[in-house]
Amino acid sequence: SVATSWPTAAAYASCRFIRACSRSRTIASSTPPSRSTGSSARNDSIAEAHYLLGLVYRDTQEIDPAIKSLEQALRIAPALTAAREELADLYRSRGRYGEEMDQLRALAAVDDTVGRRITLALGEARRDQFDAAIGMLGQVALEGPQDSRVQMALGRVHLLRAERGGDAASVQRALEILERALGGLLAFDVLQIRQRIGILGEGGLRAPERLQALEVINEREQVRRRQN
């Protein structure tokens with residue numbers, strides 16, 4: 001069918017593009033030094049081709065080939081930010097959090113924005129470095145205390161800590177932070193927290209603690225609805 005043949009055709013087209021670029025690079029290697037600018041442009045095209053092929057593999061759920069293509073793109077053009085972002089996402093999807101952090105650090109080094117630093121802190125949390133993540137977010141909060149993104153990220157870190165370690169205090173802390181950031185919990189966040197508390201099971205929060213936490217969430221959600 002057309003739906004199943006399109007990814008194959010797209011991948012084939014991308015492969016042809018890479019081979020064409022590779023031939024251009026071979027030819028460029030014999031050109032005089034004055035042509036270096038043109039050679040650099042060709043290298044950029046080759047890197048972009050590997051990046052595009054990585055996207056095709058990603059979209060067809062061929063994650064390992066996608067990772068290899070994106071890695072190759074960055075070997076050729078380390079400044080290709082889009083490829084680095086995609087590679088970080090794919091490393092995360094594979095649970096390769098250390099390699100994800102390498103990419104996130106590289107991105108933050110050239111783009112030291114609040115968003116990048118928040119992403120970096122969440123990356124630390126995913127590899128169970130919760131104190132480091134909280135410390136990083138605390139520093140960002142000092143520089144921008146009114147930025148709700150920081151508080152939302154902090155709440156996510158505490159939820160993740162609760163999910164990984166069954167820490168009841170982290171659940172309560174997360175609720176407090178999220179409520180302060182949102183001015184009242186939104187329905188989506190309430191649902192997510194309910195799901196995460198349920199994931200903890202008997203090995204995490206004890207049943208009375210889970211019930212108490214859920215009662216608090218329900219009360220806050222009812223207050224929000226009345227206010228709206």
Side-chain angles (χ1 to χ4, degrees), residues 58 63 66-67 70-71 74 81-206 209-210 213-214 216-217 220:
R58 179 205 64 189
I63 303 303
I67 287 173
L70 294 170
E71 289 173 338
L74 289 171
T81 299
R84 202 171 292 282
E85 290 174 335
E86 291 292 342
L87 186 57
D89 287 344
L90 292 180
Y91 281 148
R92 180 167 64 250
S93 74
R94 280 288 191 254
R96 295 163 63 174
Y97 300 127
E99 290 164 292
E100 177 201 11
M101 283 300 298
D102 290 340
Q103 302 306 317
L104 295 180
R105 290 190 189 101
L107 289 166
V110 297
D111 182 25
D112 189 27
T113 59
V114 170
R116 290 286 188 207
R117 293 166 72 185
I118 288 174
T119 301
L120 195 60
L122 292 174
E124 290 285 15
R126 279 190 290 274
R127 61 194 197 112
D128 293 340
Q129 301 300 310
F130 299 113
D131 290 339
I134 291 169
M136 293 170 67
L137 291 171
Q139 184 60 43
V140 177
L142 288 175
E143 300 171 15
Q146 303 305 316
D147 195 328
S148 64
R149 291 177 298 169
V150 180
Q151 294 301 315
M152 287 293 294
L154 193 57
R156 288 175 62 186
V157 170
H158 282 286
L159 281 177
L160 187 57
R161 171 176 264 176
E163 183 178 325
R164 297 271 176 88
D167 181 3
S170 291
V171 174
Q172 185 58 36
R173 179 69 175 141
L175 290 173
E176 293 170 355
I177 292 169
L178 289 170
E179 185 174 31
R180 183 164 61 248
L182 296 169
L185 292 172
L186 298 180
F188 175 79
D189 298 289
V190 170
L191 176 61
Q192 185 180 53
I193 293 169
R194 282 201 185 104
Q195 290 172 338
R196 291 199 173 212
I197 290 173
I199 288 169
L200 291 175
E202 293 300 332
L205 294 178
R206 292 188 298 273
E209 293 171 327
R210 290 202 305 278
L214 289 172
V216 170
I217 294 171
R220 291 176 178 173

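The residues of the chain are indexed from 1 along the displayed sequence.
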(message) Any heavy-atom pair between the side chains of D131 and E124 that's under 4.5 Å?
(response) no
(message) Between E99 and R127, does any NZ, NE, NH1 or NH2 come within less than 4.0 Å of an OD or OE carboxylate oxygen?
(response) no
(request) For a side-chain contact (heavy atoms from CB on, under 4.5 Å) with R149, tell me which candidate from V114, L154, V140 qualifies. (result) V114
(message) Measuring from atom CD of Q103 to atom CG of L120, what distance do you get when rounded to the nearest 0.5 angstrom?
(response) 12.0 Å
(message) Can you tell me how far apart CD1 (I67) and CZ (R94) are? Round to the nearest 0.5 Å.
(response) 6.0 Å
(message) Could you check whether any side-chain heavy atom of I134 comes within less than 4.5 Å of a side-chain heavy atom of H158, counting everything from C-beta outward?
(response) yes
(request) Nearest 0.5 Å please: distance from the CD atom of E71 over to the CG atom of L87. (result) 5.5 Å
(request) Taking all non-hydrogen atoms of both residues into account, name the closest pair between A141 and Q151 and its distance. (result) CB-NE2, 4.5 Å
(message) Could you check whether any side-chain heavy atom of Q139 comes within less than 4.5 Å of a side-chain heavy atom of V150, counting everything from C-beta outward?
(response) no
(message) To the nearest 0.5 Å, what is the distance between CG on D111 and OG1 on T81?
(response) 7.5 Å
(request) Can you see which heavy atom on A125 is nearest to which on L160, and at what distance? (result) O-CD2, 3.4 Å
(message) Between D102 and R84 (salt bridge meaning N to carboxylate O under 4.0 Å), is one present in this structure?
(response) no
(request) Starting at CG of L70, measure out to CD of E85 and round the result to the nearest 0.5 Å. (result) 11.5 Å
(request) Run through I177, I118, L122, L137 and flag the one making a side-chain contact (heavy atoms from CB on, under 4.5 Å) with R156. (result) L122
(request) For residues L104 and G123, report the shortest heavy-atom separation together with the two atoms involved. (result) CD1-CA, 4.2 Å
(request) Verify whether one side chain among Y97 and Q129 offers a donor that lies under 3.5 Å from an acceptor in the other. (result) no
(request) Working to the nearest 0.5 Å, report the span between CD of E100 and OH of Y91. (result) 11.0 Å
(request) For residues R58 and D89, determine if any side-chain heavy atom of one lies less than 4.5 Å from a side-chain heavy atom of the other. (result) no
